[in-house]
*Asks:* 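Structure provided below as structure tokens; questions to follow.
Throughout, a chain's letter reflects where its sequence line sits, starting with A, and its residues are numbered from 1. It should be emphasised that the depicted structure is a prediction, and the values quoted were computed from it without experimental measurement.
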There are 2 protein chains.
Amino acid sequence: MSRQDEGRGGADGGPTVTERVLGILSAFGPGAEALTLSGIARAAGLPLSTAHRLVGELAAWGALERGEDGRYRIGLRLWEVGALAPRSLGLRERAMPYLEDLYEATRQNVQLAVRDGHEVVYVERLAHPEAVRVFSRVGGRMPLHATGVGQVLLAFAPSVVQEEVLAGPLPPLTPKTITEAHALRRALAAVRREGVAVCDGMVDPVALSVAAPVRGEDDRVVASLSVVVPSAGAEPRAIVPAVRAAARGISRALGSPAARRRPLGVVTPLTGAAAGEPAGAERGA
Amino acid sequence: MSRQDEGRGGADGGPTVTERVLGILSAFGPGAEALTLSGIARAAGLPLSTAHRLVGELAAWGALERGEDGRYRIGLRLWEVGALAPRSLGLRERAMPYLEDLYEATRQNVQLAVRDGHEVVYVERLAHPEAVRVFSRVGGRMPLHATGVGQVLLAFAPSVVQEEVLAGPLPPLTPKTITEAHALRRALAAVRREGVAVCDGMVDPVALSVAAPVRGEDDRVVASLSVVVPSAGAEPRAIVPAVRAAARGISRALGSPAARRRPLGVVTPLTGAAAGEPAGAERGA
DNA sequence: GTGCTCCTTCCGGTGACCGGAAGCTCGATT
DNA sequence: AATCGAGCTTCCGGTCACCGGAAGGAGCAC
């Protein structure tokens, strides 16, 4: 009874079965899409026989699939369930047409991301094969302070979150990454003022990103949208309006009251999807 | 000891913890994205207190998220893990640029699907807001025999699978749906011969879909791609080459040897009719 | 042949899990 | 206001499902 516990939220005894199962799923990640049974056991800290049993059950259900090479991968069934996550599906579904337009107009990288804790999670990404290489991938994570989408999400996050991030370490990804709290604080203020974040070379020296906030029903910022272009010869001013317009269009599609108001005399540059639905028609003014 | 079991694959005793956990995940589905605790317990056949404990653990890990309304939804963390499924991520990643092009060219619905058992699972979908409404959704399932993508996947599936499906019931979705085994058999032969499936009004009376197979490294058909257009006034012949070209492009990106070969005079089920069409047919327009 | 890694199966002891029951917080209904 | 019902949370003792060491097999490299 005096044995120090390792999991189980402070109670004594080993981790619960549920925790072990989730631990098995955690063993998979970017760069670890296919694992051997032993690999899973090692990563999850389980005895081989235990892992064997649990993995067998997961595979029987379809959460894992066993390839011809004997290694396990995440199964289609788990993907299906995951696809039901509202922060992915609902958002994605409505955002797609706008992302399409933006992609089509820029022929570069278009990204859609949400915040989870102190990180950005990329929910969707459209990348032209010839565009600048970006490090993000769908389902991938990045720190908030170093990315365009991250700065937007942070700028509109609850102040508790902001302070936590500002208090914590701000590791640099490139020499240009903001690493000082007061500089970040100023950047966030600018983002709130301008409604966009422009990050030059903070993730990759040769890439520049322009990001804008996407708002939900209650006008809270629920996501962020960005375009990544080559840093060299980039003309942010040409991109900013398009990004802003797309973000606003998605916000409107999500039911944001603020986005419903017409920006006086501003014609949405990307008419394709935006013009499709006469959103403001019902309630004149 | 004489109590009849319900789960656990035939052994006596109740379902295992893992099965219960997976049962909880199964409670979610299209049309059931948000559930109360009681709802989950009911759907999963668990006592409330048991469900409470397990759901709590799942939520603590991030597999489920609890909304402000107290209801549970699939969490971002689970979505992340699911996104690692190779049949989704790897495929999607390479297919996207081609789907983009196809979408851009047609401004209709573009779909990418894989087979799981006797069903189609939609992995990606690009839909124009003004396009024909389709019933499919990302992560959704449909029967193999009634859809364009399904017929393609079935036509190139192991013969065991084909026979199973042909032997089973073929429920109609519309009056036009193929419901007789021998008619389906002929349709599948045609798909193999032509390298495309054209389904008019089998899912929705007003929609027509054109589907083509996507092949992987070992030339096995791993996915199917389709375009759905309004049935009225549709001109499949205008779409078929584009669909075929896109499917071939994705196959090549996936490393299919057959798709790598130049179409010059090569006669294979995949290329047969496509031989006359240069790969970039839609670009020429 | 020898040594390695990885996988699979078996089985007895035990402590994690189960779930009935009681109490709580909401709204809706009378 | 009182009553009802649905849903949620916590508690706790008995028991049986889970754990994991150990043994054995398959494949590969040296």
*Asks:* Tell me which pairs pass side-chain hydrogen bond (donor to acceptor under 3.5 Å, both in side chains) where either residue lies in residues 33-55 of chain A, with sequence neighbours left out.
*Replies:*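 Listed by first then second residue: A/Glu33-A/Arg137.
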*Asks:* Distances under 3.5 Å only, N/O to N/O: pair up the protein atoms with those of nucleotides 19-24 of chain D.
*Replies:*
residue: D/dC19; atom: OP1; partner: A/Arg20; partner atom: NE; Å: 3.4
residue: D/dC19; atom: OP2; partner: A/Arg53; partner atom: NH1; Å: 2.2
residue: D/dC19; atom: OP2; partner: A/Arg53; partner atom: NH2; Å: 2.6
residue: D/dG20; atom: OP2; partner: A/Arg20; partner atom: NH1; Å: 3.0
residue: D/dG20; atom: OP2; partner: A/Thr50; partner atom: OG1; Å: 3.1
residue: D/dG20; atom: N9; partner: A/Ser49; partner atom: OG; Å: 3.4
residue: D/dG20; atom: N7; partner: A/Ser49; partner atom: OG; Å: 3.0
residue: D/dG21; atom: O6; partner: A/Ser49; partner atom: OG; Å: 3.3

*Asks:* List in chain and number order the residues that pass side-chain hydrogen bond (donor to acceptor under 3.5 Å, both in side chains) with A/Ser88, two or more places apart in sequence or in another chain; answer none if no residue qualifies.
*Replies:*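 Here the qualifying residues are B/Trp79.
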*Asks:* C/dC7 C1' sits how many Å from A/Leu48 CG, rounded?
*Replies:*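 About 7 Å, once rounded to whole Å.
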*Asks:* Among D/dC8, D/dG7, C/dC7, which nucleotide sits nearest the side chain of B/Arg42?
*Replies:*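 The answer is D/dG7.
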*Asks:* Describe the nucleic acid contact of A/Arg71 in one word from base, sugar-phosphate, nothing, applying a heavy-atom distance below 4.0 Å.
*Replies:*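 Contact class for A/Arg71: none.
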*Asks:* Between A/Ile24 (CD1) and D/dC18 (P), how many Å, whole number?
*Replies:*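 Atom-to-atom, A/Ile24 to D/dC18, this comes out as 13 Å.
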*Asks:* Between atom CG in B/Asp69 and atom P in C/dG27, what is the gap in whole Å?
*Replies:*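 About 13 Å, once rounded to whole Å.
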*Asks:* Using whole Å, what does the distance between atom P of nucleotide D/dG27 and atom CG of A/Leu37 come to?
*Replies:*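 Interatomic distance, CG of A/Leu37 to P of D/dG27: 17 Å.
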*Asks:* Does the side chain of A/His52 get closer than 4.0 angstrom to OP1 or OP2 of C/dC7 through an N or O atom?
*Replies:*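 For C/dC7, neither OP1 nor OP2 has a side-chain N or O of A/His52 closer than 4.0 Å.
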*Asks:* Between B/Arg141 and B/Asp116, is there a salt bridge with N-O shorter than 4.0 Å?
*Replies:*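 Yes, charged N to carboxylate O under 4.0 Å.
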*Asks:* What is the distance, rounded to the nearest whole Å, between atom OH of B/Tyr72 and atom P of D/dC8?
*Replies:*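 Nearest whole value for this atom pair: 7 Å.
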*Asks:* Could you tell me the separation between the CD atom of B/Glu57 and the P atom of C/dA16, rounded to a whole number of Å?
*Replies:*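 Computing the B/Glu57:CD to C/dA16:P distance gives 13 Å.
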*Asks:* Can you list the residues that meet the side-chain hydrogen bond (donor to acceptor under 3.5 Å, both in side chains) rule with B/Asp204, with sequence neighbours excluded?
*Replies:*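 Partners of B/Asp204 by the side-chain hydrogen bond (donor to acceptor under 3.5 Å, both in side chains) criterion come out as none, since no residue qualifies.
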*Asks:* Pick the nucleotide of DNA chain C nearest each of A/Leu35 and A/Thr18; which residue has the one closer to the 5' end?
*Replies:*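 Counting from the 5' end, the first nearest nucleotide belongs to A/Leu35.
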*Asks:* Restricting to side-chain hydrogen bond (donor to acceptor under 3.5 Å, both in side chains), what partner residues turn up for A/Arg73, sequence neighbours left out?
*Replies:*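 side-chain hydrogen bond (donor to acceptor under 3.5 Å, both in side chains) list for A/Arg73, sorted by chain: A/Asp69.
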*Asks:* Sequence neighbours left out, what passes side-chain hydrogen bond (donor to acceptor under 3.5 Å, both in side chains) with A/Gln162? Give chain and number order.
*Replies:*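 Residues passing side-chain hydrogen bond (donor to acceptor under 3.5 Å, both in side chains) with A/Gln162: none at all.
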